[in-house]
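Below is one structure, written out as C-alpha cells, with a few remarks after it.
Here is the naming used below: chain letters follow the sequence lines, and residue numbers restart at 1 for every chain.
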Amino acid sequence: MPELPEVETIRRSLEPLVVGRTVARLELRTPRLRVPLGEELRRGVEGRCITGSGRRGKYLWFVLEDGRGWFFHMGMSGRLRFVEGADAGEGVHDHLIARFAGGDALVFHDPRRFGLSIVDDPATSKLLADMGPEPLDEVAFDSDYLAAFRRRTTRAVKDVLMDQRVVAGLGNIYVNEILFLSGVRPRRSMVRMTLRDCAAVVVATREVIAEAIEHRGSSISDFLDGIGQRGGYQWRHRVYDREGQPCTTCRAPIKVVVVGQRSSFYCPRCQR
DNA sequence: GTAAACCTGGCA
DNA sequence: TGCCAGGTTTAC
C-alpha cells in the first residue's frame, strides 16, 4: 500500500489523536509480521505515554516517553487505524491492538503481513541507517546528488529511484508519475541521464510528492488514513495503472513494461 | 543483476 | 485457475 505520501498522511491523521495517550495494553494476535512480534515489543510499549511522532521514508513511529520510537512499516497492505471506544480490533487481519488508558485503541491491520512493528531508538535504528535523503529535502536531494549516481551504476533510472538508499520513500506509483513528468522512460540507464534529466527528475519528485501529500495520498484500492478517510491523489495519476489509455499530454496510448519485477507505465511519445 | 521468497485478496 | 498487487529481503 503506502509510499511516503500515504505514510505521512497516516502519521498526520493519528498524531493529534494519540499524543498524550498512554498504552494500557498491547494485544498481539499474530506471532510475526515481517519480523516476530513478542514480549520485547509489548514491554517496550505497554504503560508508556506517546509524546510525538516521526517519519522517515516509508517508516513511521510514535515517540514514547522514554525517547524510543514505536516503529511501523506498512508493507503492501498495512493499515493503522484509531478506533474510538473499547470494542476495537475484532477483524481477521487485525494483528496488533493497542488499548489506551481511558478507552480507544490503535489497530494495525495487514492482510499480507509484510508490515513491521518494533520499538527502537530513532537516532540509531538500523532501519533508518542506510536510507537516502528525504525527497523534499532540497539541500540533500538535488540534481548534483542524483547525477553522481551516473558514475556508480548502470541500472535503470526507475530502479535507482525505487532504491531506498538513494532517496527515501518512493515506490512504484510515485516513481512512475515522477518519470512521466520528467519525460524520461523507466528503462533508461542511469548512465544515459543528462544533468538536465537529473534536474527534471528532482523537480518532478518534489512536485509529485508534495502534491500527493496535499491530497492525502493515493487510494488505489483500499488505502485509508488513520481515521478511515480515503486519499485523493489517485485521480491525478497520469500514467500509473493507465495502460492503453490516452496520455494526458499527447493522447498516445500509455504503455507498460516490467522494470525490476514491477509494472512500469509510461507514454512512448512524451518519455524518451 | 535477476528471481524467488514472504502472504492474502481480488479480478479476468 | 492463474496472475497481479502500494515492499523488502535473501538466495542463485
Side-chain angles (χ1 to χ4, degrees), chain A residues 1-11 29-37 55-60 71-81 91-96 108-118 125-132 135 149 152-179 186-191 205 208-209 212-213 215-226 230-244 256-265:
Chain A
M1 180 198 322
E3 304 179 31
L4 188 156
E6 290 75 32
V7 176
E8 178 63 14
T9 298
I10 294 169
R11 191 193 67 77
R29 303 214 167 160
T30 192
R32 61 176 300 123
L33 297 171
R34 206 175 83 206
V35 297
L37 303 179
R55 182 197 56 74
R56 185 83 168 81
K58 299 172 191 170
Y59 288 96
L60 93 84
F71 280 79
F72 288 91
H73 191 289
M74 304 297 152
M76 296 275 265
S77 59
R79 278 192 212 174
L80 203 46
R81 190 113 90 102
V92 197
H93 301 295
D94 293 345
H95 305 304
L96 217 53
F108 186 71
H109 175 274
D110 183 10
R112 294 176 75 177
R113 278 179 269 143
F114 290 171
L116 164 158
S117 177
I118 64 166
S125 177
K126 257 178 72 179
L127 296 175
L128 312 180
D130 297 326
M131 199 167 288
F149 285 90
R152 290 190 221 164
T153 182
T154 59
R155 293 154 73 202
V157 60
K158 172 147 189 271
D159 273 342
V160 174
L161 292 172
M162 299 261 300
D163 186 337
Q164 304 299 299
R165 296 169 301 184
V166 175
V167 54
L170 307 184
N172 203 33
I173 292 180
Y174 292 109
V175 170
N176 274 284
E177 297 299 315
I178 287 162
L179 289 174
R187 278 212 280 222
R188 171 107 64 95
S189 165
M190 200 61 207
V191 174
T205 300
V208 166
I209 296 303
I213 292 172
H215 288 265
R216 299 176 16 267
S218 302
S219 291
I220 64 166
S221 63
D222 58 1
F223 168 71
L224 301 173
D225 70 8
R230 282 169 61 82
Y233 194 74
Q234 65 277 12
W235 307 115
R236 303 182 98 81
H237 291 173
R238 295 167 171 94
V239 286
Y240 181 77
D241 205 21
R242 293 193 67 242
E243 183 186 7
V256 60
V257 291
V258 174
V259 183
Q261 295 184 288
R262 315 300 294 277
S263 294
S264 305
F265 302 87

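- Atom CZ in Arg152(A) sits roughly 14 Å away from atom P in dG1(B) (whole-Å rounding).
- A sub-4.0 Å separation between OP1 or OP2 of dC4(C) and a side-chain N or O of Arg262(A) is absent.
- Using the six-membered ring where Trp is involved, Tyr233(A) and Tyr174(A) have ring planes that are tilted, between 30° and 60° apart.
- A close approach under 4.0 Å does not occur between any side-chain nitrogen or oxygen of Lys58(A) and OP1 or OP2 of dG6(C).
- Of all nucleotides listed (dC7(B), dA5(C), dT8(C)), dC7(B) comes nearest to the side chain of Arg113(A).
- If you take CZ of Phe72(A) and P of dT8(C), they are 17 Å apart, rounded to a whole angstrom.
- Computed from coordinates, the Phe71(A) CZ to dT8(C) P distance equals 15 Å when rounded to whole Å.
- For the pair Arg55(A) (side chain) and Gly57(A) (backbone), a donor-acceptor distance under 3.5 Å is present.
- Straight-line distance from the CD1 atom of Ile220(A) to the C1' atom of dG7(C): 13 Å, rounded to whole Å.
- In terms of heavy-atom proximity, Gly115(A) sits nearest to Leu33(A) at O-CB, 3.2 Å.
- As rounded to whole Å, 10 Å separates atom P of dA5(C) from atom CD of Glu243(A).
- In secondary-structure terms, DNA chain C builds stems of at least 3 consecutive Watson-Crick or G-U pairs, each pair having both distances under 3.5 Å, at B:1-6 with C:7-12, B:8-12 with C:1-5.
- Separating the C1' atom of dC3(C) from that of dA4(B) is a span of 16 Å, rounded to the nearest Å.
- Counting heavy atoms from C-beta outward, His237(A) and Ser218(A) have side chains that approach closer than 4.5 Å.
- Residue Met162(A) contributes atom CE, which lies 8 Å from atom P of dT8(C) at whole-angstrom precision.
- Pro135(A) places a side-chain heavy atom less than 4.5 Å from the side chain of Leu170(A).
- For Arg32(A) and dT8(C), the CZ to C1' distance is 13 Å, given to the nearest whole Å.
- Under the 4.5 Å side-chain criterion, counting only non-hydrogen atoms from C-beta, Lys158(A) is in contact with Arg262(A).
- To the nearest 0.5 Å, the span separating CG on Asn172(A) from CE on Met162(A) amounts to 4.5 Å.
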Restricting both atoms to N or O, compile the protein contacts to nucleotides 2-6 of chain B shorter than 3.5 Å, with distance only.
from, atom 1, to, atom 2, distance (Å)
dA3(B), N7, Gln261(A), OE1, 3.4
dA4(B), N7, Gln261(A), NE2, 3.1
dA4(B), N6, Gln261(A), OE1, 3.3

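- Between the side chain of His95(A) and the backbone N or O of Asp110(A) there is at least one donor-acceptor pair closer than 3.5 Å.
- With Gln261(A) contributing its side chain and Val259(A) its backbone, the two residues share no donor-acceptor pair below 3.5 Å.
- Cation-pi check for Arg56(A) over Tyr59(A) is not met; the charged atom does not lie both under 6.0 angstrom from the ring centroid and within 45 degrees of its normal.
- On the P atoms, dG1(B) is 23 Å away from dG6(C), given to the nearest whole Å.
- Put simply, Ser263(A) has a side-chain N or O that comes within less than 4.0 Å of OP1 or OP2 on dA5(C).
- With respect to the salt-bridge test (charged N to carboxylate O, under 4.0 angstrom), the residues Asp225(A) and Arg79(A) do not qualify.
- Ring-plane geometry between Tyr240(A) and Phe265(A) is classed as perpendicular, the angle between the planes exceeding 60 degrees on a 0 to 90 degree scale with a lower cut at 30.
- Across the protein-nucleic acid pair, Glu6(A) atom CD and dG7(C) atom P stand 9 Å apart, rounded to whole Å.
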Got a list of protein N/O to nucleotides 9-12 of chain B N/O distances below 3.5 Å?
from, atom 1, to, atom 2, distance (Å)
dG9(B), OP1, His93(A), NE2, 2.8

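- Residue Tyr174(A) places no side-chain N or O under 4.0 Å from the OP1 or OP2 atom of dG6(C).
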